[in-house]
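All values reported here derive from a predicted model rather than from experimental measurement. Numbered from 1 within each chain, the chains take letters A, B, ... in sequence-line order.
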Amino acid sequence: MSRDDERPRDSAEVPEGEQLALIRETVRKAKVPKAKPRTWRGAALAAERPVARVLVDKGPVHLDKLWDYAVPAEMDAEARPGVRVRVRFGAGAGKVREGRREGGGLLDGYIIERVAESDYRGPLAALAQVVSTEQVLGPGLLALCRAVADRYAGSLADVLQLALPKRNARAEGEPSPPPLPPPEPPAPGSWARYPAGPGFLEALARGDRPRAVWTALPGPHWPREWATAVAATLASGRGALVVVPDGRTAERVDAALTEVLGGPGRHVLLTADLGPEERYRRWLAVSRGSVRAVVGTRAAMFAPVRDLGLVGIWDDGDRSHSDDRLPQPHARDVLLLRAVHEKTGFLLGDLGRTVEAAQLVENGWARPLEADRERVRAAAPLIRTVDEGEVARDAEARAARLPTIAWQTVREALTRGPVLVQVPRRGYVPKLACERCREPARCAHCSGPLEARDADHLVCGWCGRDEPAWHCRECGGVRLRASVVGARRTAEELGRAFPSVPVRTSGRDHVLTSVPDRPALVVSTPGAEPVAEGGYAAALLLDGWALLGRPDLRAGEDALRHWLEAASLVRGHGEEDDDGRGGTVVIMAEPTLRPVQALVRWDPAGYAARELAERSDLGFPPISRMAAVTGPAEAVAELIASTRLPEGAETLGPVPLPPPPPGRPRRPGDPPAGEVWERALLRVRPGQGSALAAALKEAKARRLARGDRDPAVRVDPLDIG
DNA sequence: AGCACGCCGACT
DNA sequence: GTCGGCGTGCTC
């Protein structure tokens, strides 16, 4: 094939020397052992589709732009879409002196597609190297990553960094095991406790795509129920993917899968703490189609499961479902995108219910999958509330810091088994709330959270307006309080009061997985509660104030979620133990508060539905959609000014960003030490979320990237006060 | 991000 | 005249 046929278009504009070279000189890294020719200058190009469109993975230039490179004939077979490549990328390469200059440094990238011609008006450099022939970025995964990038106004390159594991040559060199045949459809087991449960499994097993929001009954059965749903999907010949908040939970579901599937060959656990090599080995097994069921933490949401039939997420209200690297996609949303794009079933399981889940039910996209009231009552422990106000008035209780009823419950329960004591995490400091009804103090203008700038001076954390005359929307109260609970001290005192009983603690630093079925006081922070074999005899929830007093939009929802999680580990009220008594939960919180009521009635769905309606009225997410723009003041103002916002969009703020807590590692959106950044919130009407994301992405693409100086854009921010 | 080009002021 | 400040823009 003649070289002239392969000449890039517009080569007339190229300096003479370069024109003769056809493609710029490129040199392979010397350290690569079995080097092919060290230069591709003058080499023949691939006969078919000699142009590779490459997404450059590192460097600040990406902005979703693809770069065209020439494919030398020797690389033709290997340079397939989806493989990792190295390319020369550098400034000033357009002008070549003496034909002797090398381009910039070698960068990693992925071939997105092969095409016959380039739009680039200039000489194409050749691919420097095909790193491996493994097709890591298949068409399905690429489409998903593009959709996620669009959804979050982020770049494709950023999303690819979240979706693709680091390459490991050793793991890649090994063959993956051959796939096992689909299993038989599983028996419904404890799914039979839900009227719609067996039907859901049958639909999965026959290849349908049912979608459900599952409110799991309290107790130890849900890991097995996940495994059964996955097995049913596998039985249809399709794959399944379940994302859970943490490694501990992933291991529980993994163990259940091993039981239900009768062995380890049909599923994998994908978590960060496997280490890079093993993680890549398992990821490859999924990508190559030898394993079709995956359970894992958030990075697993991108796992390229073949012929996906079910995506699932457990406990979607947990913060760890949101990645902290930009664009911070949330596992729930990524799995929703997958369910739609890949036409799969969808199962969102939770002991409680988030507003987002309530919205899926409300708009009819997913069906509720719930047990009958009677069964819920039997499976849940008895909940007793203790009004803190009452405690304050009761002199004896004040001295002891715990009311009589709590003492009695603990003393009695300790004769029958372990007792769980939930205490607030350090650093959960409540902000401002109505003294009378505990409703968080909100701005009259935009409903943002009020903060005390100094004594008697309230400022809105969203729009920055002063609030000179606050009064409570709920009850009309005019006094505020910021309260701190001495729950940790209470827990210590409990330990001293029962000296013969061992005290175990579980928290951020050392999380216990389980405790034996023996009397013990188990003190834990929310989310770190060990499972008690046989269930706790009782639980004491001491963190009501700390959880509810936060000004966060989700304070009530989070509090209820944490309480349900702890209470679900307690023996059911109607599930009698050997002594004929069920479990009891005592919660120290104002009994008229809605999250407390929801716990007492064990009605998370009702709570979420009401919360959703209220947020809709107040213009809060997820009905209205928001995006946060964070960065240096001028950069924030500039980006917002150049964004073609959808009709009816509001800009709240900007306000100075509170500095990140010392000690926390820096995250995207955090100002560098010593700098003050600002944050503005953009709010759009229902249905305008994707228009907002598109407008922001377009504005970002239009301005020149300046790295550090660029504002961070966060769609659907979680921490908006 | 790098890195080169380019359009201003101070120097041998 | 030339050296070099860093502001602007490009990298297939």
Side-chain angles (χ1 to χ4, degrees), chain A residues 3 6-15 17-29 39-43 45-46 49-73 75-76 79 81 83-131 154-158 160-161 325-326 631-632 634-635 638 642 666 668 672 700-712:
Chain A
R3 289 228 235 111
E6 306 308 324
R7 185 193 304 265
R9 290 193 305 177
D10 299 310
S11 50
E13 292 183 1
V14 174
E18 185 66 11
Q19 192 174 357
L20 291 171
L22 275 183
I23 44 178
R24 188 165 315 112
E25 171 188 48
T26 45
V27 179
R28 287 164 59 99
K29 266 267 164 71
T39 170
W40 296 104
R41 182 157 53 152
L45 299 184
R49 301 173 193 268
V51 177
R53 312 209 70 210
V54 173
L55 185 104
V56 175
D57 186 33
K58 290 188 185 72
V61 202
H62 20 74
L63 298 172
D64 282 12
K65 198 173 146 36
L66 299 182
W67 304 85
D68 292 353
Y69 285 84
V71 181
M75 291 187 193
D76 186 23
V83 302
R84 297 180 207 259
V85 291
R86 311 253 278 159
V87 293
R88 291 235 168 248
F89 194 92
K95 301 271 159 61
V96 179
R97 276 188 216 115
E98 319 281 327
R100 269 279 121 210
R101 272 198 69 265
E102 282 178 24
L106 283 170
L107 292 180
D108 293 317
Y110 304 92
I111 296 184
I112 299 299
E113 56 181 341
R114 289 273 301 269
V115 292
E117 278 189 86
S118 171
D119 290 339
Y120 181 61
R121 308 170 72 78
L124 295 188
L127 296 173
Q129 183 189 355
V130 172
V131 174
S155 74
L156 178 60
D158 282 346
L160 288 183
Q161 287 197 14
R325 289 172 294 165
L326 283 170
E634 333 77 63
E638 203 181 297
S642 66
R666 235 195 109 191
K700 257 170 50 170
R702 204 150 15 86
R703 72 201 302 280
L704 337 101
R706 267 176 233 164
D708 256 18
R709 310 277 77 192
D710 276 342

**Prompt:** For the pair made of CG in A:Leu107 and C1' in B:dC3, what is the distance, rounded to whole Å?
**Reply:** 13 Å
**Request:** For A:Phe89 and B:dG2, give me the distance from atom CZ to atom P, rounded to whole Å.
**Result:** 12 Å
**Request:** Nearest 0.5 Å please: distance from the CE atom of A:Met75 over to the CG atom of A:Leu45.
**Result:** 11.0 Å
**A:Arg88 backbone acceptor or donor facing A:Tyr69 side chain under 3.5 Å** = yes
**Message:** Quick check for you: to the nearest 0.5 Å, what is the distance between A:Leu160 atom CG and A:Asp108 atom CG?
**Reply:** 12.5 Å
**Message:** What is the separation between atom CZ on A:Arg121 and atom C1' on C:dC10, rounded to the nearest whole Å?
**Reply:** 17 Å
**Message:** Rounded to whole Å, how long is the line connecting atom CG of A:Asp119 with atom P of C:dC12?
**Reply:** 16 Å
**Prompt:** What distance separates A:Leu156 CG from A:Leu66 CG, expressed to the nearest 0.5 Å?
**Reply:** 7.5 Å
**Item:** Separation of atom CG in A:Leu55 from atom P in C:dC12, rounded to whole Å
**Value:** 15 Å
**Message:** Please report the distance, rounded to the nearest Å, between CD1 in A:Ile111 and C1' in C:dC12.
**Reply:** 13 Å
**Message:** What is the distance, to the nearest angstrom, from the CG atom on A:Asp68 to the P atom on C:dC12?
**Reply:** 11 Å
**Item:** Spacing of A:Arg88 atom CZ relative to B:dC3 atom P, expressed in whole Å
**Value:** 13 Å
